[in-house]
Amino acid sequence: MSDQHSFETLAIHAGNTADPLTGAVVPPIYQVSTYKQDGVGGLRGGYEYSRSANPTRTALEENLAALEGGRRGLAFASGLAAEDCLLRTLLTPGDHVVIPNDAYGGTFRLFAKVASRWGVEFSVADTSDVSAVRAALTPRTRAIWVETPSNPLLGITDIAAVAGVARQAGARLVVDNTFASPYLQQPLSLGADVVVHSTTKYMGGHSDVVGGALVVNDPELAEELAYHQNAMGAVAGPFDAWLVLRGIKTLAVRMDRHDENATKVADLLTRHPKVTQVLYPGLPEHPGHEIAAKQMKAFGGMVSFRVSGGEEAAVEVCNRAELFTLGESLGGVESLLEHPGRMTHASAAGSPLEVPADLVRLSVGIENADDLLADLTQALG
């Protein structure tokens with residue numbers, strides 16, 4: 001499909017060709033492990049074994065590449081499986097990576113507890129400060145890792161500026177685009193080398209699938225990643241790939257509503273006497289607001305805030321919420337809230353990535369905004 005089509009059209013049609021056998025408008029779930037060959041090596045469409053390739057996964061991978069403006073998309077069993085494949089493709093023992101001081105706890109754990117045992121070193125930097133990123137570089141730096149907006153403090157990194165730093169250092173720029181989704185932000189067009197997604201989140205959008213993705217433009221890097229994807233084997237299963245494809249069809253309309261509701265939630269929180277700080281890039285007082293406005297279509301559905309009364313007060317807000325479901329993950333149609341310090345970011349405790357104990361993170365869903373505001377008001381007390 002032509003990349004000249006609008007995002008909304010690509011989301012519905014890219015990779016979603018009608019089934020040649022029946023004309024089914026939705027790609028079938030090819031729940032199959034192996035494929036009949038027409039003689040030794042006579043593959044039909046290049047399919048021989050579903051770890052290597054599966055038609056449902058191919059449809060998703062083509063769709064992901066189109067939405068991110070990349071040449072190749074790769075779908076994995078989880079976001080961390082995608083990250084692990086990327087690290088083992090880009091790096092060798094002794095290499096160095098710059099990671100954010102505000103990153104997903106699972107990403108930090110992957111670097112600190114897994115990759116470090118393999119001999120990969122990392123430094124932590126405030127990636128919203130380009131000079132701090134530059135100062136963290138070493139002669140062995142092979143990648144700069146960025147989340148923007150970041151999880152859970154909603155920090156904003158200037159992708160184009162950090163891409164320039166990476167190029168000068170001969171390093172790859174990796175951007176985790178999970179919070180924004182390709183509807184709101186396309187890092188490859190801003191100079192990134194690799195885009196990472198947890199497709200569990202906004203791409204799937206319905207809290208019913210776990211998946212991950214990588215998207216790249218460099219054909220050589222794409223082949224290396226595909227080799228490692230097959231060799232390591234943590235691929236997206238056909239049903240999971242189908243669920244993500246289904247979710248992506250409504251990504252644009254969902255993200256519009258997530259953003260609309262999150263803006264109203266952030267406005268309420270800024271005016272509440274028990275809230276000491278609201279972290280949302282859509283607020284003019286957010287330090288990354290101008291950069292976010294420049295590189296994003298809108299500001300997304302994630303809001304974090306800090307409350308007076310410390311950790312116990314934050315936990316009580318989580319416990320009192322009724323419409324906001326207490327749970328990990330994000331990006332679904334239903335609103336969620338969590339206490340990052342005790343939940344998603346517990347693995348970062350005691351590290352430079354430790355999050356404030358009085359922090360609450362919201363994934364603002366697509367329910368009626370007035371209902372969400374009423375629930376937060378009663379939860380705050």
Side-chain angles (χ1 to χ4, degrees), residues 67-70 79 82-83 86 97-108 111 122 124-134 136 143-167 171-199 201-203 212-216 255 258-259 262 266 278-304 330-331 340 344-345 348 352-353 355 361-363:
L67 296 186
E68 284 288 3
E83 293 184 8
L86 176 61
V97 182
V98 177
I99 70 170
N101 65 347
D102 173 23
Y104 168 52
T107 299
F108 172 72
F111 278 100
F122 67 93
V124 176
D126 178 359
T127 60
S128 67
D129 181 349
V130 178
S131 61
V133 175
R134 188 177 288 111
I144 300 173
W145 195 283
V146 164
E147 289 180 16
T148 185
S150 65
N151 181 7
L153 299 180
L154 282 302
I156 298 297
T157 296
D158 188 329
I159 296 173
V162 176
V165 172
R167 283 194 298 271
R172 306 270 194 179
L173 174 59
V174 179
V175 177
D176 186 332
N177 203 29
T178 297
F179 269 27
S181 87
Y183 179 62
L184 300 184
Q185 179 175 267
Q186 296 180 329
L188 294 178
S189 68
L190 298 169
D193 296 290
V194 186
V195 173
V196 176
H197 279 284
S198 169
T199 56
K201 313 305 193 297
Y202 286 109
M203 304 294 269
L214 302 173
V215 183
V216 298
M255 292 306 296
H258 284 300
D259 175 77
V278 181
L279 305 171
Y280 183 62
L283 295 172
E285 60 267 30
H286 188 288
H289 175 72
E290 291 186 6
I291 293 171
K294 178 181 67 174
Q295 66 189 21
M296 298 176 71
K297 180 178 180 179
F299 303 104
M302 299 300 298
V303 181
S304 291
L330 57 104
T344 54
H345 290 69
L353 281 77
V355 299
R361 190 192 74 180
L362 305 177
S363 174

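- Counting only distance, with no hydrogens or angles, the side chain of S363 and the backbone of M302 share no donor-acceptor pair below 3.5 Å.
- Side-chain atoms of N177 come within 3.5 Å of backbone N or O of Q185 as a donor-acceptor pair.
- Taking the six-membered ring for Trp and the full ring otherwise, the centers of H286 and F299 sit at least 6.0 Å from each other.
- The backbone N or O of T157 sits less than 3.5 Å from a side-chain atom of T148, completing a donor-acceptor pair.
- Put simply, the side chain of D102 gets close to the backbone of L153: a donor and an acceptor are under 3.5 Å apart.
- Taking the six-membered ring for Trp and the full ring otherwise, the centers of W145 and F122 sit at least 6.0 Å from each other.
- Remark: side-chain polar atoms of E68 are not paired, donor with acceptor, to backbone N or O of V195 under 3.5 angstrom.
- Not a single side-chain hydrogen bond (donor to acceptor under 3.5 Å, both in side chains) links D193 to another residue, sequence neighbours left out.
- In this pair, H258 and Y202 present their aromatic rings perpendicular. The plane angle is above 60°, beyond the 30 to 60° band.
- Atom-to-atom distance recorded for D176:CG and N151:CG is 8.0 Å, nearest 0.5 angstrom.
- A distance-only check finds a donor-acceptor pair linking the side chain of T178 to the backbone of S198 [under 3.5 Å].
- Taken to the nearest 0.5 Å, the CG atom of L330 stands 8.5 Å off from the OG1 atom of T344.
- Atoms CG and OG, from L279 and S304 in turn, are 6.0 Å apart once rounded to the nearest 0.5 Å.
- Under 4.0 Å is where a charged nitrogen must lie from a carboxylate oxygen, and between D158 and K294 at least one such pair does.
- Between the CG atom in L190 and the CD atom in Q295 there is a gap of 6.0 Å [rounded to 0.5 Å].
- E83 places none of its side-chain heavy atoms less than 4.5 Å from the side chain of V174.
- Here the OG atom belonging to S181 is positioned 13.5 Å from the NZ atom belonging to K201, to the nearest 0.5 angstrom.
- Between P281 and L154, some side-chain heavy-atom pair lies under the 4.5 Å cut-off.
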